[in-house]
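All remarks here apply to the structure that follows.
Sequence lines set the chain letters: A, B, ... in the order given, protein chains first and strands last, and positions in each chain run from 1. The shown structure was predicted, so the numbers you read here are calculated from the model rather than taken from an experiment.
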Amino acid sequence: MQQQDWPLWEIFIRSRQGLDHKHVGSLHAADAQMAIENARDVYTRRMEGVSIWAVESKYIHASNPDEAGAFFEPAEDKVYRHPTFYDIPEAIGHM
Amino acid sequence: MSPQINLEEQFQAKIDAEIKIEPKDWMPDAYRKTLIRQISQHAHSEIVGMLPEGNWLTRAPSLKRKATLLAKVQDEAGHGLYLYSAVETLGISRLQTIEDLLSGKAKYSSIFNYPTLTWADMGAIGWLVDGAAIMNQVPLCRTSYGPYARAMVRVCKEESFHQRQGYEIMMTLMNGSAEQKEMAQDAMNRWWWPAIMMFGPTDSESSNTEQSVKWKIKRHTNDELRQKFIDATVPQAEYIGLTIPDKDLKWNEAKGAYDFGAINWDEFWNVVKGNGPCNKQRLEARQNAHNNGAWVREAASAYAEKRAKRSVTAEVA
């Protein structure tokens with residue numbers, strides 16, 4: 001039996017030219033080339049993509065979900081950052 | 001109040017508020033264990049599910065049917081991978097999950113322990129087995145664990161083709177010669193009851209259902225889904241002239257659903273316990289595929305290592 005898993009890769013796919021690459025899932029592969037080829041077979045069997053990024057999962061750093069409340073709190077009371085906070089007369093039309 | 005109780009209450013409050021649980025969120029051990037068991041069983045079912053259909057790949061009656069069957073089997077491999085990825089987010093390694101299948105420790109859906117004797121079985125599997133699977137999987141798109149729900153959305157998008165191509169095979173046979181019709185009916189007779197059993201034991205016997213519903217892992221009970229499947233499938237069978245092999249099956253106007261005959265639970269448990277017609281054969285096929293592929297995995301690792309070394313040497317130079 002194999003002693004160790006191959007590295008885990010996170011796969012991002014651009015579904016159409018002009019759109020962002022979006023995270024679709026993960027897979028194990030020995031190297032980047034294999035990750036991209038396997039991602040093609042696993043995630044784009046029905047023309048779901050025109051471009052693939054593969055990032056080794058260990059290089060992804062994430063915010064801590066346990067601290068999400070405090071971490072994102074600063075944006076909570078700043079309604080004045082949204083356009084609807086400002087009343088503009090209807091006569092002006094769309095702005 | 002102990003902090004543990006507090007965490008569990010907060011967890012249940014999130015579930016009740018329909019907030020998805022993500023991999024790094026706190027979750028009760030039992031929730032994690034239930035998910036690992038359920039998602040890995042689901043993944044193994046996709047992988048073992050390739051075997052009964054693989055049996056007919058080289059003998060499909062036309063190039064079109066062969067291309068379709070190949071695409072379907074490839075989809076099952078993909079579905080297995082989406083689910084293996086989801087289960088891995090719960091902290092169990094891929095190797096361990098696969099090892100649990102190969103050692104016989106983990107279970108997979110019993111339906112795949114039945115043999116595929118004729119081409120009509122490809123029709124019956126697509127229509128009935130994938131049909132039952134869809135009935136189960138659609139509510140799982142809203143399951144409480146985020147990675148599982150996202151995997152299921154992907155699976156469900158692809159699964160509908162499986163059921164339709166199966167029904168089309170049955171329809172074609174039912175429009176054919178007397179022998180072809182007989183073949184379709186024979187497949188129906190053999191697959192109907194195992195398909196009905198796919199929803200699992202009846203609610204009163206299902207030890208996991210209540211907690212799973214509370215955690216919103218499951219959204220419906222086994223019996224609810226089974227009834228839905230029967231109600232949806234009977235008219236489809238009638239439309240192409242197939243007879244459902246259940247003499248007690250009849251429409252119940254008062255409940256607005258079909259009544260159906262008693263399920264042979266002895267058969268169900270017998271197959272679950274490893275004594276179905278193909279349990280041994282299926283597991284051996286997986287073990288052989290894994291062992292015979294070892295050199296490919298080793299070669300890929302060696303090649304990756306060599307290339308990594310080479311690029312380091314190039315950088316130094």
Any pair counted as side chain to side chain donor-acceptor pair (under 3.5 Å), so long as it reaches residues 38-54 of chain B, sequence neighbours left out: B/Q38-B/Y148, B/H42-B/Q137, B/H42-B/Y148, B/H44-B/Y84, B/E53-B/K72
Non-hydrogen side-chain atoms of A/W6 and B/R297 separated by less than 4.5 Å: yes
Toward chain B: residues of residues 19-33 of chain A with heavy atoms under 4.5 Å: A/V24, A/S26, A/L27, A/H28, A/A30, A/D31, A/Q33
Side chain, backbone, both or neither of B/D75 within contact of chain A (heavy atoms, under 4.5 Å): both
Most chain B-contacting option - heavy-atom pairs closer than 4.5 Å, from A/M34, A/R46, A/E48: A/R46
Residue among B/P147, B/A300, B/A77 with most heavy-atom pairs under 4.5 Å to chain A: B/A300
Atom pair OH/CG of A/Y43 and B/L81 - distance to nearest 0.5 Å: 5.5 Å
Partners passing salt bridge (Lys or Arg N to Asp or Glu O under 4.0 Å) against A/E37 (at least two apart in sequence or in another chain): none
Nearest-0.5 Å distance that lies between atom CG in A/D66 and atom NZ in B/K24: 11.0 Å
Set of side-chain contact (heavy atoms from CB on, under 4.5 Å) partners for B/A149, sequence neighbours left out: B/K20, B/T143
Chain A contact via B/Q74 - which portion, at a heavy-atom distance below 4.5 Å: both
B/R307, part contacting chain A, at a heavy-atom distance under 4.5 Å: side chain
